[in-house]
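Here's the structure, in structure tokens; my notes come after.
In what follows, every heavy atom counts, from backbone to side chain, and hydrogens, waters and symmetry copies are set aside. If you read the sequence from its start, that first residue is 1, and numbering goes on from there. As the structure lists them, so they are numbered: ligands from 1, and atoms in each ligand from 1.
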Amino acid sequence: MDPVIITAAITGAVATKDQSPFLPTTWDEIVDAAVDSWRAGAAVVHLHARDEAGLPTQDVEVFRELISRIRDRGCDVVLNLSTGEAGGRAVLEERIECLSLDPEMATFDCGSMNFGDERVLRGPFSFLRAMATEMKERRIVPEVEVFDSGMIDNALRLIDEGLLPHPGVWQLCLGVRGGATADVGTVAFLLGKLPADARWSLLGVGRHQLSMNLLSLAYGGHIRTGLEDNLYYSRGDLARSSAQLVERTVRLANEVGRSVASPSVARGLLGTRVASAGG
Ligand code: ZN
């Protein structure tokens with residue numbers, strides 16, 4: 001099996017300090033969380049921006065500042081920028097402004113769905129096509145985020161159109177209310193729809209994080225962990241950091257004989273170009 005690529009999703013756009021005092025929301029905290037997760041073994045950091053009040057934002061200047069501070073710490077982790085909705089605060093055009101920074105990777109939410117009880121993730125096909133086109137032109141690797149099965153069909157259509165790479169890099173995002181559930185049958189069904197030789201990773205939200213990490217380790221996939229997806233280390237016990245969760249996945253990988261990919265190994269597996277000044 002390939003070495004496992006561990007992605008640390010360190011803050012996201014949903015959780016708040018009220019839910020966990022350990023969630024990084026200031027720029028200093030976010031930079032520390034990125035560097036600490038990299039030191040713990042993460043090859044990729046999935047980065048969201050937060051404004052000076054700690055609220056999610058897609059402001060390109062905030063991304064630029066965070067990237068610069070992370071690189072200033074000597075950290076060569078692959079940065080995977082969010083093109084999400086900043087918790088409902090960013091409209092479609094704002095979501096992809098960060099692509100102008102030419103990151104190595106960015107997330108590609110491949111459709112629309114109910115996201116929890118009140119939020120709706122928007123992804124009309126025209127937007128998906130525009131986002132894919134821009135990533136292709138800039139040679140940014142899209143991480144296709146799949147929250148439900150129809151999103152795979154949307155991505156396959158974009159692959160057919162030559163806008164998304166084949167076989168692609170996929171993140172199956174499981175357990176969000178309104179999307180695909182985090183269970184073995186669903187994972188098997190979704191994996192069966194992916195192109196042969198696709199690179200895939202599983203994430204489970206909340207209590208499903210650890211079980212999805214274990215499943216992925218056992219079956220040759222990659223892993224995403226971190227406080228964006230889950231605030232707890234174990235039932236009732238808040239995780240102290242994303243690095244703490246990364247450290248656990250490194251131990252688990254060692255136990256099952258999977259080596260852990262360094263950033264340079266991950267670059268080879270993911271097919272990213274060499275990091276530019278921006279990314
Ligand atoms: Zn995210």
Side-chain angles (χ1 to χ4, degrees), residues 5-16 19-20 23-25 29-31 33-34 37-38 42-51 54-60 62-63 66-67 70 77-90 92 94-99 101 103-113 115-116 119-123 128 131 135 140-148 151 169-180 182 200-206 208-209 212-213 222-231 239 241-242 245-246 270 279:
I5 299 168
I6 300 174
T7 293
I10 55 179
T11 182
V14 176
T16 64
Q19 293 172 287
S20 171
L23 183 78
T25 56
E29 289 170 344
I30 291 169
V31 171
S37 296
W38 165 68
V44 179
V45 164
H46 167 56
L47 193 63
H48 283 252
R50 300 233 176 195
D51 66 18
L55 296 172
T57 177
Q58 282 298 103
D59 184 338
V60 66
V62 178
F63 275 114
L66 290 172
I67 292 166
I70 290 167
V77 78
V78 177
L79 290 173
N80 171 0
L81 304 193
S82 174
T83 60
E85 300 188 303
R89 292 158 56 88
L92 293 176
E94 292 168 329
R95 286 172 51 186
I96 55 174
E97 285 174 6
C98 61
L99 300 179
L101 298 173
E104 289 178 89
M105 265 184 113
T107 53
F108 191 97
D109 295 338
C110 208
S112 308
M113 72 165 213
F115 205 99
R119 281 181 54 203
V120 175
L121 174 65
R122 286 197 67 221
L128 301 182
M131 180 161 60
M135 289 198 195
I140 299 165
V141 172
E143 182 190 62
V144 179
E145 289 197 323
V146 171
F147 290 89
D148 212 348
M151 296 193 186
V169 174
W170 304 74
Q171 184 74 255
L172 306 185
C173 311
L174 304 162
V176 173
R177 193 173 292 160
W200 56 273
S201 172
L202 301 183
L203 75 82
V205 299
H208 301 294
Q209 183 173 67
M212 291 299 107
N213 286 173
H222 302 286
I223 283 180
R224 177 167 128 177
T225 187
L227 299 184
E228 171 172 349
D229 302 331
N230 164 46
L231 295 169
S241 63
S242 289
L245 296 167
V246 171
L270 297 167

- [ ] Starting from the Zn ion (ligand 1), look over the N/O/S atoms of His46 and name the nearest one.
- [x] NE2
Open item on the list: Among the N, O or S atoms of Glu228, which one sits nearest to the Zn ion (ligand 1)?
Closed with: OE2
Open item on the list: Looking at His222, is its backbone amide N or carbonyl O close enough to the side chain of Ser201 to form a donor-acceptor pair, meaning the two atoms are under 3.5 Å apart?
Closed with: yes
Open item on the list: Between Glu145 and Asp109 (side chain of the first, backbone of the second, donor and acceptor by atom type, cut-off under 3.5 Å), is there such a pair?
Closed with: no
Open item on the list: Restricting to N, O or S, what is the name of the atom of His48 that lies nearest the Zn ion (ligand 1)?
Closed with: NE2
- [ ] For the Zn ion (ligand 1), decide whether Glu145 has an N, O or S atom at a distance under 2.8 Å.
- [x] no
TODO: May I have the step-by-step check of salt bridge (charged side-chain N to carboxylate O under 4.0 Å, His left out) for Glu29 and Arg50, ending in yes or no?
DONE: CA-CA 11 Å; Glu29 289 170 344; Arg50 300 233 176 195; over 6 Å; no
- [ ] Show your reasoning for whether side-chain hydrogen bond (donor to acceptor under 3.5 Å, both in side chains) applies to Gln171 and Glu143.
- [x] CA-CA 6 Å; Gln171 184 74 255; Glu143 182 190 62; 3.0 Å; yes
